[in-house]
There are 2 protein chains.
Amino acid sequence: MGIDLNEFQALDLWHRAIVSSVQIDAPDLSARQMALLLSVYLNPPPHTVRGLSQFLKVSKPAITRAINRLSEFGMVRRKIDDNDRRSVLIQRTVKGSVFLREFGELIVNAGNQENQADPSSLPPKY
Amino acid sequence: MGIDLNEFQALDLWHRAIVSSVQIDAPDLSARQMALLLSVYLNPPPHTVRGLSQFLKVSKPAITRAINRLSEFGMVRRKIDDNDRRSVLIQRTVKGSVFLREFGELIVNAGNQENQADPSSLPPKY
DNA sequence: TAAAATCGAAACGTATGCGAAATAATATGA
DNA sequence: TCATATTATTTCGCATACGTTTCGATTTTA
């Protein structure tokens with residue numbers, strides 16, 4: 001019970017969505033940052049630096065930096081774990097929810113476009 | 001004749017695919033870089049700096065830098081336009097095709113996963 | 001042919017990101 | 001207690017990216 005896509009449909013969907021995101025000047029997140037953000041929102045809490053580091057197979061300092069960046073955008077928030085004050089819990093925010101909801105709409109809209117089977121039949125975009 | 005997705009399915013698909021990409025240590029491209037790469041491969045040629053700049057609504061120097069980066073990865077190639085030697089044509093490469101084909105597989109596989117309607121019912125990943 | 005326009009790249013100062021190693025704070029265990 | 005382990009962050013030197021401006025090459029226009 002998944003989403004049946006062939007390879008061209010998959011890339012075409014990704015293309016339309018990410019182009020829309022760039023065109024509207026959304027924050028230019030790297031793949032790592034986007035993976036982290038989505039993990040915080042779609043995987044069940046709690047989220048810690050070490051946990052995200054292991055899940056994404058990325059070093060802990062890299063996770064810390066990605067959280068710094070996303071925090072500046074207000075998309076996640078740090079909260080010290082009262083049960084283990086060495087740990088930091090990464091939490092969701094309203095701004096992050098709004099951003100991801102809008103990003104999801106972009107993908108949905110990208111999927112709603114008429115899809116050509118043959119990319120060379122697409123009209124020039126410029 | 002599109003791809004019917006609801007918002008959660010869309011974000012979940014994006015999440016699974018981009019997490020896979022990060023986990024296998026694929027090049028950590030920014031949204032801009034990925035949008036440029038996909039545009040070169042999925043929009044019909046010819047591709048020029050100014051054309052891509054207008055299409056993506058991003059400054060020309062930013063396009064130049066993204067092409068530099070993707071060129072270092074061997075994913076695109078520059079070719080001077082013989083009809084107007086001021087212009088540079090951005091062309092596809094074998095390495096870029098391979099990368100996007102593999103990335104497409106990642107998305108297809110992400111779509112093939114069993115999808116839960118309720119994200120809180122997902123098992124912990126770590 | 002000379003002047004203006006166009007194109008992509010380079011230069012500039014600043015901001016962000018990297019991995020590796022070191023550090024501070026906290027918890028655990030002998 | 002007090003040495004050890006764990007957790008997240010900071011620091012280091014270096015690489016990459018930003019927008020603005022400038023530049024050199026080329027084409028178009030007057």
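The sequence lines fix the lettering, A, B, ..., with proteins before strands; numbering per chain opens at 1. What you are looking at is a predicted structure, and each value in this text was computed from that prediction instead of being measured.
Nearest-nucleotide assignment on DNA chain D puts the 5′-proximal partner with A/Val88, out of B/Val58 and A/Val88. Both B/Asp28 and A/Asn83 sit near DNA chain C, but only B/Asp28 has its closest nucleotide nearer the 5' end.
In this structure, CD1 of B/Ile67 is placed 8 Å from P of C/dG8, rounded to the nearest angstrom. The distance from atom CE of A/Met34 to atom C1' of C/dG17 is 19 Å, rounded to the nearest whole Å. For the pair B/Leu29 CG and D/dA17 C1', the interatomic distance rounds to 13 Å; values are reported in whole Å. The nearest whole Å value for the distance from the CG atom in A/Asn68 to the P atom in D/dT10 is 7 Å. Atom pair B/Asp84:CG and D/dT28:P shows a separation of 6 Å (rounding to whole Å applied). Atom CG in A/Leu89 sits about 12 Å away from atom C1' in D/dT7, given to the nearest Å. Distance, B/Ile63 CD1 to C/dA10 C1': 17 Å, rounded to whole Å. Rounded to whole Å, atom P of D/dT7 lies 17 Å from atom CZ of A/Arg78.
Considering B/Ile63, B/Leu36, B/Leu52 as possible partners of B/Val58, the one that fulfils the side chain to side chain contact (heavy atoms under 4.5 Å, CB included) test is B/Ile63.
When the side-chain nitrogen and oxygen atoms of B/Thr64 are compared with OP1 and OP2 of C/dA9, one or more of them lie within a distance under 4.0 Å. At the phosphate of C/dG19, OP1 or OP2 sits under 4.0 Å from a side-chain N or O atom of A/Ser59. Side-chain nitrogen and oxygen atoms of B/Arg50 include none within less than 4.0 Å of the OP1 or OP2 phosphate oxygen of C/dA9. OP1 and OP2 of C/dT28 both lie 4.0 Å or more from every side-chain N or O belonging to A/Arg86.
Residues A/Arg16 and A/Asn112 have side chains that never bring a donor and an acceptor to within less than 3.5 angstrom of each other. In this model, no donor atom of one side chain and acceptor atom of the other lie less than 3.5 Å apart for A/Ser39 and A/His47. Side-chain polar atoms of B/Ser30 and B/Arg69 form no donor-acceptor pair below 3.5 angstrom.
Backbone-only engagement by B/Ala62 is indicated by non-hydrogen atom pairs under 4.0 Å involving sugar-phosphate atoms exclusively.
With respect to the salt-bridge test (charged N to carboxylate O, under 4.0 angstrom), the residues A/Asp81 and A/Arg85 do not qualify.
At a threshold of 4.5 Å between non-hydrogen side-chain atoms, the residues B/Ile3 and A/Gln9 count as touching.
Between atom CG of residue B/Leu11 and atom CD1 of residue A/Ile107 there is a gap of 5.0 Å, rounded to the nearest 0.5 Å.
Taking only side-chain atoms of A/Arg32, from C-beta outward, the nucleotide of C/dG19, C/dT26, D/dA8 with the closest atom is C/dG19.
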Give me the distances for all protein-to-nucleotides 11-16 of chain C N/O pairs that come in under 3.5 Å?
{"residue": "C/dT16", "atom": "O3'", "partner": "A/Arg69", "partner atom": "NE", "Å": "3.4"}

